[in-house]
Amino acid sequence: MYFLELLLIALALGTDAFAVTLANGLAFSGENAGKRMAMPLTFGLFQGIMPLLGYFTVRLFSFDFSAYADLLMFIIFAFLGGKMLWNFFRSRKDGASPALPQRMGAGWLLVQAFGTSVDAYAVGFVLAAEGGGIAVPVLVISVVTVAMCTVAVLLGRALSTKIGERGEVIGGVLLLALAVKALIEMLAGR
């Protein structure tokens, strides 16, 4: 696989992680710098591990998980986006001020990292089929994802100061948009 192709694949894989990181940056603007930077590192780690797992799955078992990737992404993003919107509107209905959204826990981040990297698992199948090495693709995919998500953290943080409490709504809508995208791809038989 040529480096330009690999870079384009890495950018394509990183777009979901970028969008989710941006949504998190908008919704969880009160988090400290360490928690905000945990997002790019976690997403980059998962984006690197999943093609590796896909690569070795093909090598060991010849199992094709890609048919289920869009369904899994739809479920995860619909749940997380719906939960963000539900929390925001419920707090509005109860008369409470949603000034600071709930904290982003490790479980929340791990579920999101898994959801954004499911398609990277399928990329591992392609890498295995080509018969090339896996180390360079995993490294490039991870580094590109960390870079993209770092930009998203900074952008989300900057935008959250301008849009305030609506950041949780925008973050939820972004996650629901990713869920709809996955559903459309699943129904279209991508």
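Note that these values count all heavy atoms, side chains included, but never hydrogens, waters or copies made by symmetry. This chain uses plain numbering: 1 for the first residue, then up along the sequence.
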task = Return the set of residues passing side-chain contact (heavy atoms from CB on, under 4.5 Å) with Val138 (not counting sequence neighbours), or none when no residue passes.
result = Leu52, Ile134, Ser142
key: From Asp119 atom CG to Ile9 atom CD1, the distance as rounded to the nearest 0.5 Å   = 11.0 Å
message = Hydrophobic cluster membership, with links at side-chain heavy-atom distances under 4.5 Å among I/L/V/M/F/W/Y: are Phe56 and Leu139 in one?
response = no
Per-pair distances, 0.1 Å, donor-acceptor, side chain in residues 40-51, under 3.5 Å, sequence neighbours excluded:
from  : atom 1 : to     : atom 2 : distance (Å)
Thr42 : OG1    : Ala38  : O      : 2.7
Gln47 : NE2    : Leu13  : O      : 3.2
Gln47 : NE2    : Thr116 : O      : 3.1

message = Are Leu8 and Val143 linked, directly or through intermediate hydrophobic residues, by side-chain heavy-atom contacts shorter than 4.5 Å (ILVMFWY only)?
response = no
query = Say you draw a straight line from CD of Gln112 to CZ of Phe79; how long is it, rounded to the nearest 0.5 Å?
reply = 11.0 Å
inquiry  = Taking the side chain as everything from C-beta on, heavy atoms only, tell me whether Arg36 gets closer than 4.5 Å to Asn24.
reply    = no
request  = Work out which heavy atom in Ala113 is nearest to a heavy atom in Ser117; give both atom names and the distance.
outcome  = O-OG, 2.9 Å
query = Taking a hydrophobic cluster as the set of Ile, Leu, Val, Met, Phe, Trp and Tyr residues connected by side-chain heavy atoms closer than 4.5 Å, whether directly or through intermediates, do Phe18 and Leu154 fall within one such cluster?
reply = no
query = Which pair of heavy atoms, one from Gly82 and one from Leu176, lies closest together, and at what distance?
reply = N-CD2, 3.8 Å
ask   = Would Leu187 and Ile75 show up in the same hydrophobic cluster when neighbours are defined by side-chain heavy atoms closer than 4.5 Å?
value = yes
query = Going hydrophobic residue to hydrophobic residue with side-chain gaps under 4.5 angstrom, can you get from Val146 over to Leu7?
reply = no
request  = Nearest 0.5 Å please: distance from the CG atom of Leu183 over to the CZ atom of Phe74.
outcome  = 5.0 Å
key: Reported CG-to-CE distance for the pair Asp16 and Met148, which is rounded to 0.5 angstrom   = 9.0 Å
